[in-house]
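One structure is given below, encoded as structure tokens.
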Amino acid sequence: SVFFFFKQKTAYEIYQCDWSSDVCSSDLRQRLEEILGRSVLEWIAPYDHERNKVEVEKCFAAGSVRNLELDYIDREGKITPVEVNATVVADKGRRIILAMLRDLTEHKKREQEIIREKERLAVTLRSIGDGVICTDTMGMVTMVNKVAEKMTGWTQADAFARPLDD
């Protein structure tokens, strides 16, 4: 069996999924229609089925799984990215997986916003008429614009991840 704790906006929901019968039941009655009577594979995106199977096996072997990202699909087909943290526990003489799932929708939106902002910044830096070399906090080159490439003789690919003082 696998117990799932879904972190929602206001409450945790507890579900029990029996891998042998492949059917879910619950101790609570909130949003049960989402998974009750459904195979676990019905509410995990098809492209995540094999990875989920592998991670369940890893969880039983290692005792836990941390920060696994999967996509949950509701009955209407809406995809919700979730983070799974799971631990194997003993229950009445058998080993079961206790899992907590966290909705990553807002986190993924923020990640995409950051990626778009970094792309806009990179376009701006590459178009500046002066030589620009960007480094990380350790002084390793992260970006070289065309003017800096001509000045240093380094291409972006050659300079990336090299120390600035090379």
Side-chain angles (χ1 to χ4, degrees), residues 1-123 125 134-143 156-157 160-163:
S1 289
V2 179
F3 289 86
F4 292 96
F5 290 80
F6 284 84
K7 174 69 171 87
Q8 301 297 329
K9 289 182 173 74
T10 58
Y12 287 91
E13 301 171 38
I14 303 171
Y15 301 96
Q16 177 181 0
C17 298
D18 185 342
W19 291 104
S20 59
S21 68
D22 216 20
V23 174
C24 295
S25 63
S26 176
D27 294 330
L28 298 179
R29 291 283 171 207
Q30 300 171 331
R31 287 187 57 200
L32 294 180
E33 67 279 359
E34 285 297 318
I35 66 171
L36 269 178
R38 293 174 69 198
S39 163
V40 172
L41 297 180
E42 288 181 58
W43 47 275
I44 294 174
Y47 48 82
D48 280 338
H49 287 182
E50 187 59 33
R51 193 161 53 100
N52 182 68
K53 179 183 174 190
V54 168
E55 293 298 329
V56 166
E57 291 169 2
K58 282 183 188 176
C59 188
F60 276 117
S64 66
V65 169
R66 298 287 177 254
N67 306 317
L68 171 65
E69 292 186 17
L70 297 170
D71 285 339
Y72 165 85
I73 300 181
D74 69 16
R75 289 189 185 256
E76 285 75 46
K78 179 183 172 227
I79 296 174
T80 302
V82 295
E83 175 186 76
V84 179
N85 288 286
T87 301
V88 176
V89 296
D91 179 52
K92 299 175 188 168
R94 55 191 183 136
R95 296 173 70 216
I96 63 170
I97 295 176
L98 182 67
M100 184 169 134
L101 283 66
R102 180 172 66 107
D103 184 340
L104 294 177
T105 304
E106 291 303 313
H107 177 76
K108 293 293 183 182
K109 284 180 187 175
R110 286 189 302 275
E111 275 183 350
Q112 288 304 311
E113 289 169 5
I114 290 169
I115 288 168
R116 283 191 297 274
E117 186 61 31
K118 286 176 85 175
E119 289 170 355
R120 282 192 293 273
L121 178 60
V123 167
L125 291 173
C134 299
T135 65
D136 61 16
T137 56
M138 301 297 292
M140 305 301 276
V141 175
T142 58
M143 201 270 318
Q156 169 67 31
F160 186 77
R162 288 178 65 173

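Worth saying up front: this structure is predicted, and the values here are computed from it rather than measured.
- Going from atom CG of Asn52 over to atom CD of Glu55 covers 8.0 Å, rounded to the nearest 0.5 Å.
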side-chain contact (heavy atoms from CB on, under 4.5 Å) assessment of Val84 paired with Leu70: CA-CA 7 Å; Val84 179; Leu70 297 170; 4.1 Å; yes
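- With contacts defined as side-chain heavy-atom distances shorter than 4.5 Å, the pair Arg102/Val82 does not qualify.
- Look at Glu111 and Arg116 and you find no salt bridge, because none of the NZ, NE, NH1 or NH2 atoms lies under 4.0 Å from a carboxylate O.
- Taking every heavy atom of both residues into account, Met140 and Ala161 meet most closely at CE-O, 2.7 Å.
- Looking at Glu113 and Glu117, their side chains never come closer than 4.5 Å, going by heavy atoms from C-beta outward.
- Formation of a donor-acceptor pair under 3.5 Å by the Arg162 side chain with backbone atoms of Thr142 is not found in this model.
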Worked check of side-chain contact (heavy atoms from CB on, under 4.5 Å) between Cys134 and Val141: CA-CA 6 Å; Cys134 299; Val141 175; over 6 Å; no
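- Evaluation of the side-chain hydrogen bond (donor to acceptor under 3.5 Å, both in side chains) rule for Lys109 yields Glu106 as partners, not counting sequence neighbours.
- Expressed to the nearest 0.5 Å, how far CZ of Phe160 lies from CE of Met143 amounts to 11.5 Å.
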Worked check of side-chain contact (heavy atoms from CB on, under 4.5 Å) between Lys108 and Glu69: CA-CA 11 Å; Lys108 293 293 183 182; Glu69 292 186 17; 2.5 Å; yes
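- Among all heavy-atom pairs drawn from Ala45 and Ile73, the shortest one is CA-CD1, 3.4 Å.
- The line from CZ of Arg51 to CD1 of Ile44 is 9.5 Å long, rounded to the nearest 0.5 Å.
- Checking Asp71 against Tyr47 by side-chain atom types alone, a donor-acceptor pair falls below 3.5 Å.
- Summarising the geometry, atom OG belonging to Ser64 is positioned 11.5 Å from atom CG belonging to Leu98; distances are rounded to the nearest 0.5 Å.
- Taken to the nearest 0.5 Å, the CG atom of Leu121 stands 13.0 Å off from the CD1 atom of Ile114.
- The CG atom of Asp48 sits 8.0 Å away from the CG atom of Leu68 when rounded to the nearest 0.5 Å.
- Checked by atom type, the side-chain pair Arg66/Thr87 shows a donor-acceptor distance below 3.5 Å.
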